[in-house]
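The structure appears below as structure tokens.
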Amino acid sequence: MKKYGKDIILLTFFLCVALICLSCHFFKNGFHSEEDSRTANIYLNGEFIRSVDLNEDISFRIDSPGGFNVITVKDNAIAVTDSDCAGRTCINTGYIHNNTSFIACIPHGLFIRIDSDQAGGDLDAIAY
Amino acid sequence: MQLPINTKSAYTGIMLSFALILSYLESLVSFDMLFPGIKLGLSNFIVLIALYVFGPIFAFALCISKAVLSSLLFGSMAAMIYSLCGAVLSFAIMFVLYRCGDFHIPVISAAGGVFHNLGQFIAAVYIMKTFIPGFWALYLSVLIISGLTTGLITGFIAQLAFPYIKKIISKGDRI
Ligand SMILES: [Zn+2]
């Protein structure tokens, strides 16, 4: 019968990495990182294309080389409500209303996130 | 186990169909809410069983064909890079730990689960390039813990199923 020593070391190592990531997150963002914001920024293939005011209900369509996405703003939240992409992950994400979640349509390269202020094109989020 | 190559190929095919059924079940459960496109990796343990019973070459073939076929059948072309990245990394770590010989099946499976999720995370970072949400550290820790949990659970299943599968395959060989 093999000993369990190395098994436990490996599992502990993974748990430690997870804990370090978790503490990094709380160290950087604090415990009150959920902030409601009123602006959503939309990116296509990594480039900022437009921002949307979440106070006004609106619905519009974004065409990209891969296809289209219909974006809807309702009750201070934003969602992709229609798309011709495969998988429909972007639609299934539903409405998002704060900066803890984001919407991605990977087949079309479309990303939506809510930022505390209006963002420009140069997002270097790895350094964030 | 010493088996003729035809037998190994035939059984690898059967295990591939099991893995695809699990991938289908996985595609029904929406894990997308957490991080778009990322899958749980329920079928990892089938690759692990193949590694023990048929050796690394057949297990690697199984893991690549599982990733390609499941994204063609239940996902999208864009999801394929996620699956492939996850499958290759999880196979690599499971193979290394298996060769080490000091680890138990559930732990190898757990490591495979973690690296499956890490591979998909790396693919997501690559696809999204500059667009990474500010909560990536939180996502990463959730991905590691969920990979660890699913890996351990499926690893225990693999350990329980292992003697039976061995018995069936050695019987089938005699017929
Ligand atoms: Zn989509």
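Computed from a predicted model, the values in this text were never measured in an experiment. Here is the naming used below: chain letters follow the sequence lines, and residue numbers restart at 1 for every chain.
- To the nearest 0.5 angstrom, A:L10 atom CG is 9.5 Å from B:C100 atom SG.
- Each of B:I21 and B:V68 belongs to its own hydrophobic cluster when Ile, Leu, Val, Met, Phe, Trp and Tyr are linked at side-chain heavy-atom distances under 4.5 angstrom.
- For the atom pair CG (B:L148) and CZ (A:F14), the distance works out to 7.0 Å, reported to the nearest 0.5 Å.
- Taking hydrophobic clusters as Ile, Leu, Val, Met, Phe, Trp and Tyr residues chained together by side-chain heavy-atom distances below 4.5 Å, B:I57 does not share a cluster with B:I5.
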Got a list of side-chain donor-acceptor pairs under 3.5 Å for residues 105-114 of chain B, not counting sequence neighbours?
{"residue": "B:S109", "atom": "OG", "partner": "B:G151", "partner atom": "O", "Å": "2.5"}
{"residue": "B:S109", "atom": "OG", "partner": "B:T154", "partner atom": "OG1", "Å": "3.4"}
{"residue": "B:S109", "atom": "OG", "partner": "B:G155", "partner atom": "N", "Å": "3.3"}

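- Under the 30°/60° scheme for interplanar angles, the aromatic rings of A:Y4 and B:H104 are found to lie parallel.
- Applying the 6.0 Å contact sphere to CZ of A:F68 captures more than 12 heavy atoms from other residues, nucleotides or ligands.
- Separation of atoms CG (A:L11) and CZ (B:F103) is listed at 9.5 Å; rounding is to 0.5 Å.
- Between B:I145 and A:L22 there is no side-chain heavy-atom pair separated by less than 4.5 Å.
- Within a 6.0 Å sphere centred on CZ of A:F60, other residues, nucleotides and ligands contribute more than 12 heavy atoms.
- Minimum interatomic distance between A:A18 and B:S141 (heavy atoms only, all atoms of both residues): O-CB, 3.2 Å.
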